[in-house]
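Atom set for the values below is all heavy atoms of this structure, side chains included, hydrogens, waters and symmetry mates excluded. The chain is numbered in sequence order, starting from 1.
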Amino acid sequence: FIGASNVGKSSLLNALTRTQKLAPAKDDPGVTRSIDWYKCSRLPVDVIDLPGYGYAKGSHYGPLVADFIVQRKSLRLLYCLVDARTGIRPCDWKF
């Protein structure tokens, strides 16, 4: 999953796997600071939780995430999450 910071990527991953412990999720933006790869017996595919773009804490993850997406030959599908309350924002188009 990819999307702006605090859009709910980790929460969605936890909901899909029916656990609240797989991917850390908090109300504060920028919790995911690495590329987290999950293999879950409840899903037929691997799931990757990517750092958010926009106002994530720490350094800028854009180049890291872009390189990962472009260079990962086994990546078949990328879901871009958009906050339904705000709609598509400039940072979504920029990424």
Side-chain angles (χ1 to χ4, degrees):
F1 302 114
I2 193 167
S5 296
N6 214 30
V7 76
K9 298 176 298 294
S10 297
S11 296
L12 177 60
L13 178 58
N14 288 334
L16 289 173
T17 58
R18 297 182 185 159
T19 180
Q20 296 301 314
K21 299 177 183 177
L22 187 63
K26 302 206 182 216
D27 290 336
D28 297 328
V31 172
T32 304
R33 297 183 184 174
S34 59
I35 296 173
D36 299 324
W37 198 301
Y38 299 101
K39 293 181 182 233
C40 180
S41 60
R42 295 182 181 149
L43 298 174
V45 296
D46 293 353
V47 180
I48 302 166
D49 190 17
L50 298 169
Y53 52 81
Y55 50 91
K57 294 178 184 174
S59 63
H60 299 286
Y61 297 105
L64 171 75
V65 172
D67 286 345
F68 177 82
I69 293 168
V70 171
Q71 295 176 7
R72 183 66 45 189
K73 293 180 182 180
S74 61
L75 182 65
R76 300 284 183 238
L77 189 61
L78 183 66
Y79 288 99
C80 182
L81 302 183
V82 175
D83 191 332
R85 297 169 293 181
T86 61
I88 298 175
R89 299 180 306 179
C91 65
D92 296 310
W93 288 111
K94 183 180 177 184
F95 190 81

Per the side chain to side chain donor-acceptor pair (under 3.5 Å) rule, what does the pair list look like for residues 77-88, sequence neighbours excluded?
Asp83-Arg85
Under the rule for side chain to side chain contact (heavy atoms under 4.5 Å, CB included), what residues qualify as partners of Leu81, not counting sequence neighbours?
Phe1, Val7, Lys9, Leu12
Enumerate the residue pairs fulfilling salt bridge (Lys or Arg N to Asp or Glu O under 4.0 Å) with a member in residues 62-80, sequence neighbours excluded, ordered by first and then second residue.
none
Grouping I, L, V, M, F, W and Y whenever their side-chain heavy atoms are under 4.5 Å apart, do Leu77 and Val70 come out in a common cluster?
no
